[in-house]
Amino acid sequence: MLKQFSDLGIHESFQQSLSDLSISKPTDVQKKAIPVVLNKKDDLVVLAKTGTGKTAAFGLPLLQLTDTSETRIQTLILAPTRELGQQIFTNLHALAAANPEINIGSLCGGTPIKPQIERLKEATHMVVATPGRLVDLLKREVINLNHLKYFVLDEADEMITALKEEVDHIIKSIPKSRRTFLFTATMPGTIKQLIQNYMSKHVVQIEADMETTGHQGIDHQYVVVEPIEKLDVLLHFLNSKVGQRGIIFCKTKAAVNKLAKNLAINKFSSGAIHGSLSQGIRDRIMGQFREGHIDILVATDLAARGIDVKELSYVVNYHLPDTYEAYVHRSGRTARAGAKGLALTIIQEEEVVDIADFQDELGIKFKNLPKADAHSIEENNTLLWARKIFKTKPNREVSEDLKSQIKTIFHHLTKEELVDKILANYLAQNAKVLPTEAPSKKRKKH
DNA sequence: AAAAAAG
């Protein structure tokens, strides 16, 4: 007999929200974590793969445990990025739809702090926050966490390393008697020892869906290119994926800007997101991506963790991730909730050893995707050029007189003849200059 | 070295 949410102790009142969100059966992590959260005593460390429903695994039981007669904050959820914080807030809101008396607050940065301060004067049961903004609110003494009962660290490994200072500050402001729940998809060995410092009660450890090595739904591939071909190979790949959606990860903000500009020039349906953009722009781009108005998101590791966007069929690492964990999180943006997805990493020859490391360390098998041949790349570039023409808006500066002269020149041509001529023109302009001597040796040896 | 998180 398959377990239902009701078998885990979740009240019938959540049924409507769950079916509205098309959640029917509990996932492995939900089956294991929900009863522990509901047991009212233990702390919890949960290790579960990307895209397996961690938010609902703590969200549902914590919503159910909420005491609406208590007006002070009882639950705090911390996330490493504003986008993830907002996503968790939105999901909790949807899960709580049938219990409108539960008041949930969002305390993420990048948005005016005054309204948040005003809002905190009302009864609030649960808050989702990013660390920087919460520390700011604590220093201003406008938030009271003295009655906190439940403390969730999502992306716990990242929170207690990269954001350690803020998290430690926050922990000093919440009661020792609270229960602590850590959720993560990655647990580097170095983090394991740190965890004890954050717990205050008996700790239940849960590993969900971890019996198989590697994320089942992801097809891991890599392609080896010369640095100069990188963009062409990416454009070739993207042209084979038109109509599908995905994320392209770059190492730096500057690289994101540059690549996004290039995709825009080539008329791909794309947008960029990184930490130096205003929150307004970040929100707009994420919104457009979530709603399917944009097919391709170019991003830094800002978007690597937790972000859940429907129907992403691929992830591209335009630059290698820095850590094994970053690879897991980036590739985990695809193949969510049981779906399939492709994770393509574009590298140069020297980085093949890094792929071998990823294979060994993560226990996943990469396929070596043969690089598109020069002819096919050239054809692709021609297609991009045609699409660029097709999507170009008419230039209003051109005078009617000039336009009519040009029309006269082309007057007798059929559409097919016109296409032949502009294509021949393009090809002539882009004809390769043949090398006059053999290419020089790749690299000098010292 | 870079990314995130405060403004």
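Model, not experiment: these values are computed from the prediction. Residue numbering restarts at 1 for every chain, and letters A, B, ... go by the order of the sequence lines.
Residue-level contact check: A:L163 touches the bases, meaning some heavy atom is under 4.0 Å from a base atom. Using a 4.0 Å heavy-atom criterion, one finds that A:R140 contacts no nucleic acid atom at all.
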Identify each donor-acceptor pair in which a side-chain atom of residues 52-60 of chain A lies under 3.5 Å from a protein atom, sequence neighbours left out, and give them as a table.
| unit_1 | atom_1 | unit_2 | atom_2 | d |
| --- | --- | --- | --- | --- |
| A:T52 | OG1 | A:K49 | O | 2.7 |
| A:K54 | NZ | A:A48 | O | 2.9 |
| A:K54 | NZ | A:K49 | O | 3.0 |

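A distance-only check finds a donor-acceptor pair linking the side chain of A:S278 to the backbone of A:I281 [under 3.5 Å].
Between the P atom of B:dA4 and the CD atom of A:Q279 lies a distance of 11 Å, rounded to the nearest Å. Note: CG (A:L134) to P (B:dA5) measures 14 Å, nearest angstrom. Counting to the nearest Å, the P atom of B:dA4 and the CE atom of A:M159 are 15 Å from each other. In this entry the distance linking CD of A:E158 with P of B:dA3 reads 13 Å, nearest Å. Across the protein-nucleic acid pair, A:I307 atom CD1 and B:dA4 atom C1' stand 12 Å apart, rounded to whole Å. The nearest whole Å value for the distance from the CE atom in A:M286 to the P atom in B:dA4 is 14 Å. When the C1' atom of B:dA5 is taken as reference, atom CG of A:L153 falls 14 Å away, rounded to whole Å.
Closest to the side chain of A:H274, out of B:dA4, B:dA1, B:dA5, is B:dA4. Of the listed nucleotides (B:dA4, B:dA5, B:dA1), B:dA4 has the atom at the smallest distance from the side chain of A:K253.
In this structure, A:D168 does not pair ionically with A:K172, as no charged nitrogen and carboxylate oxygen lie closer than 4.0 Å.
Under 4.0 angstrom from either OP1 or OP2 of B:dA4 there lies at least one side-chain N or O belonging to A:T300. At B:dA5, none of the side-chain N or O atoms of A:R305 fall inside 4.0 Å of OP1 or OP2 (strictly under the cut-off).
Screening residues 145-159 of chain A for salt bridge (charged side-chain N to carboxylate O under 4.0 Å, His left out) gives A:E155-A:R305, A:D157-A:R305, A:E158-A:R305 as the qualifying pairs, with residues at least two apart or on separate chains.
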